[in-house]
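This report concerns only the one structure given below.
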Amino acid sequence: MSRSKVAQEILALREEIREHDRAYYRDAHPTISDQEYDGLIVRLRELEDLHPDLITEDSPTQRVGGDPLEEFRSVPHSVPMLSLDNTYNAEEMRAFDQRVRRGLDLPEDAPPIEYAVEPKIDGVAVALRYQGGRLALGATRGNGVEGDDITLNVRTIRGLPLVLPKGAPSELEVRGEVYMPLAGFLQLNEAMERQGLKQYVNPRNTAAGTLKLLDSSTVAARPLAIAVYTLVNADQYNLETQLDMFRFLGDLGFPTQGAELCRGADEVMEAIETWGDRHPGLGFDVDGLVVKVNHFNLYDELGATSKFPRWAISYKFPAEEKSTKLLDIVLQVGRTGAVTPTAILEPVFVSGTTVSRATLHNADEVERLDARIGDTVVVKKAGEIIPKVERVLLNERPAGAKPFRYPKDCPSCRAELVREDVLIRCINLACPAQLERSVMHFASRGAMDIEGLGEKLVLQLVREGLVKDVSDLYKLTVEKLGDLERMGEKSAANLVMGIESSKQQDLARLVYALGIRHVGSQGAKVVARHYQTMEALMGADESELEALDEVGPVIAASIHEFFNRKANRDLVARLQTAGVNMESLETPSEEEPLLAGEIIVVTGTLEKHSRNEIKALIEKFGGKVTGSVSKKTTFLIAGSEPGSKYDKAQTLKIPVLSEAEFLRRLGQ
DNA sequence: ATACCTCGAGCTCC
DNA sequence: CTCGAGGTAT
């Protein structure tokens, strides 16, 4: 066969395969059998093997990558991947509608808001970036700001276009949910059983595990699917609504679940009911619905809270409930000495996993439930994840079950327990359980991030007396570690290396790692950025701390008290001697804080900067950006076609600057 | 080959 | 809170 003939057949095969992909994955209407489909792939691979130079990156045979990866690269997200606020019933959904209407200053009799309602698939969220029309990057959500680069794995998901059709924007980013359809999951488990291997428990965990396989050829053999639900910065593609966006995504060849248009809260509730009835038969797990305001031009005005956008919300279907026996209530001592009760349950399968323990939070909760050992309790999973003891079935209570009584002394050190409001606390500073928890906290990911130092190891180190406070970690050597159980040379060397590299962490992480009460990662960042060195922070007085943005009296007092104690100052000194970095690595803004105290809102389309750039610029100069105009707003930056924020600024007599005027003010 | 450990995914409640 | 993957120990 001549080369040009082969080239022709290759092109034709690729087009045919893509059409079948679209029919199967996007339209859910397979047009040929699986065998026929595989036949096409085999034929294409044969031809490509014959003429390797004709292989292109976008060929359906190229979905599978080459050699397994060593590890995943971490990549920053272009726009943070946030989650949505949740509702659980009609009342909360109506309250959301009311908030939207109020946020838009709509009169009572205004027509209903249009919402786009779509199913929320229970899977793993991913971001997909296309460059030059090609799939260039796939990433997990990670912490929302940074995720793992799983490009090679997402490439194997059939139905996901590797190349966008001609005329598509050359740069774009979409987000979607990767999941495992129930049929595929069952088949996979049958295959596992045939091979005498362990079966998987639920499709969600299997999908999540699959995406994190280092060898993409194994991923390719797993039945993953994807539904895309967001086009990042959709308003920049001449799209006006969520429904437009879904049409656009579909035209680009993305598989989507689409969305249904609902006018007002009543129609949303109707949609929720029909979806609630329908979701068991869909062929994949759906844990709720996402409700978004349909028109993009309302988003700016609605803005966002610190955590969620105000123009969207998710509705969670009622969680599955199961009853089981409460076998025991055990107490756990936390880092601060707080003693929390945990329910030990007879294992029961609920919402996809076997639950055997559940937190009871505090003494009040145990009292409220009146949970007694031996009781039959109803368990469900909040948000499909966290097990919760919902209530006690009183008519099943065995005779003689006694109310649960807190012991008088600490389960770890036998010191007397003290009641502070709802909390029961062990106030023995030398309590070993507290030391264990504080070392774990110190090593944890958000703190010093010491790789390889997990719970079991910390327990051993503390019990063997090798670690009496966190500074002892830096005295560990391969030889000393060698005596521990399950600690070979390799593990020891890895751990010592992990500890060594933690010396270079930023001051903010160190401050957080110290475990000062009421100082979380956010508070630690604020004080570290302001004081720059541990020395300066230790010398800070209370009122000075309290004057900082986002630091209130509680945090200020707590920090002050912490460094007032000699034991704590000594600990810091030992860490410093060990070589732990005591300075902020985040260089403070070089710029004069020209915008200090300003609260700025941006509206309309700007010429020189994107919204994110202008926001970064404002923050660099010490200003604050908020989403909506209020009395507190100090000025508005308006681009072309400003929305209702402009009018609101006018009525509130808030100054309005153009982008150029604003830049001039910064001397740029 | 098997057993144990760490990590990260889902992200609610207090 | 539980699961799956990957790595190391036994």
Side-chain angles (χ1 to χ4, degrees), chain A residues 68-72 74 81-86 88 120-126 140-144 146-148 150 153 177-180 188 192 197-215 218-219 222 285 287 307-308 314 316 319 334 338 340-345 347-366 368 379-390 421-423 440 443-446 449-460 482 484-495 498:
Chain A
L69 295 169
E70 297 269 319
E71 61 173 12
F72 295 112
S74 176
M81 287 179 85
L82 302 175
S83 54
L84 296 180
D85 202 356
N86 289 311
Y88 297 90
K120 188 173 183 298
I121 298 176
D122 194 15
V124 186
V126 295
T140 63
R141 203 174 94 93
N143 58 14
E146 243 176 26
D148 281 341
I150 50 163
N153 287 346
E177 197 80 0
V178 172
Y179 62 98
M180 191 169 285
L188 176 63
M192 297 297 284
L197 299 170
K198 235 183 106 189
Q199 293 186 235
Y200 293 100
V201 250
N202 68 54
R204 224 268 325 282
N205 282 9
T206 314
T210 302
L211 277 184
K212 305 227 76 182
L213 285 167
L214 293 174
D215 182 0
T218 316
V219 182
R222 299 267 180 95
D285 285 337
D287 56 359
K307 286 166 90 175
F308 312 113
S314 79
K316 294 283 182 83
T340 52
T342 300
I344 304 298
L345 306 164
V348 58
F349 196 77
V350 198
S351 300
T353 64
T354 305
V355 172
S356 54
R357 42 198 302 145
T359 173
L360 292 168
H361 299 118
N362 54 45
D364 268 18
E365 177 79 357
V366 182
R368 188 185 65 77
V379 180
K380 71 172 189 183
K381 287 222 218 139
E384 304 283 292
I385 310 276
I386 316 287
K388 186 172 165 21
V389 175
E390 191 63 15
D421 282 331
V422 297
L423 283 185
M440 283 177 212
S444 71
R445 196 161 32 129
D449 195 16
I450 301 178
E451 229 170 291
L453 187 52
E455 177 181 340
K456 297 289 153 146
L457 212 38
V458 169
L459 291 185
Q460 277 198 74
L484 300 178
E485 276 168 53
R486 287 192 62 81
M487 180 56 74
E489 221 158 280
K490 184 126 191 160
S491 298
N494 283 347
L495 177 59

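To find a chain, count down the sequence lines: A is the first, B the second, and so on, and within it residues start at 1.
Of the inter-residue distances, the one linking A:Thr353 atom OG1 with A:Ile385 atom CD1 reads 8.5 Å to the nearest 0.5 angstrom.
A:Asn86 comes within 4.0 angstrom of sugar-phosphate atoms only, judged by non-hydrogen atoms across all strands, and of no base. Within 4.0 Å of A:Thr340, counting heavy atoms only, lies no atom of the nucleic acid at all. A:Ala382 comes within 4.0 angstrom of the backbone, heavy atoms only, and of no base. Within the nucleic acid shown, A:Glu384 has no heavy atom closer than 4.0 Å to any nucleic acid atom. Residue A:Leu457 is in sugar-phosphate contact alone, with no base atom involved, counting any heavy-atom pair closer than 4.0 Å across all strands shown. Residue contacts shown for A:Gln460 are absent, as no nucleic acid heavy atom lies under 4.0 Å away.
The salt bridge (Lys or Arg N to Asp or Glu O under 4.0 Å) search around A:Lys380 returns A:Glu390, not counting sequence neighbours. Evaluation of the salt bridge (Lys or Arg N to Asp or Glu O under 4.0 Å) rule for A:Glu365 yields A:Arg368, A:Lys388 as partners, not counting sequence neighbours. Residues passing the salt bridge (Lys or Arg N to Asp or Glu O under 4.0 Å) test with A:Glu146, sequence neighbours excluded: none. Under the rule for a salt bridge (Lys or Arg N to Asp or Glu O under 4.0 Å), A:Asp449 has no partner lying at least two apart in sequence or in another chain. For A:Thr210, the side chain to side chain donor-acceptor pair (under 3.5 Å) partners two or more places apart in sequence, or in a different chain, are A:Arg222. By the side chain to side chain donor-acceptor pair (under 3.5 Å) test, A:Arg141 is found to be paired with no residue, residues two or more places apart in sequence or in another chain being considered. In this structure, the side chain to side chain donor-acceptor pair (under 3.5 Å) partners of A:Asn86, at least two apart in sequence or on a different chain, are A:Ser314. Remark: A:Lys212 engages A:Asp148 in a side chain to side chain donor-acceptor pair (under 3.5 Å) (not counting sequence neighbours).
Two residues, A:Val422 and A:Lys212, neighbour DNA chain B, and the one matched to the more 5' nucleotide by heavy-atom proximity is A:Lys212. Mapping A:Asp287 and A:Glu365 onto DNA chain B by nearest heavy atom places A:Asp287 closer to the 5' end of the strand. When each of A:Thr342 and A:Met487 is assigned the nucleotide of DNA chain C with its nearest heavy atom, A:Thr342 is the one assigned upstream, toward the 5' end. Two residues, A:Thr206 and A:Ser491, neighbour DNA chain C, and the one matched to the more 5' nucleotide by heavy-atom proximity is A:Thr206.
Looking at residues 349-357 of chain A, you'll see that no heavy atom sits under 4.0 Å from any atom of DNA chain B.
Within the structure, salt bridge (charged side-chain N to carboxylate O under 4.0 Å, His left out) pairs that include any residue of residues 354-363 of chain A do not occur (at least two apart or interchain).
By the 4.5 Å heavy-atom criterion applied to side chains, A:Val422 and A:His361 are not counted as neighbours.
The nucleotide range of DNA chain B contacted by chain A, defined by atoms under 4.0 angstrom from heavy atoms of the protein and reported 5' to 3', is B:dA3 to B:dC14. For DNA chain C, the contact window with chain A, defined by any atom under 4.0 Å from a protein heavy atom, covers C:dC1 to C:dT10 in 5' to 3' order.
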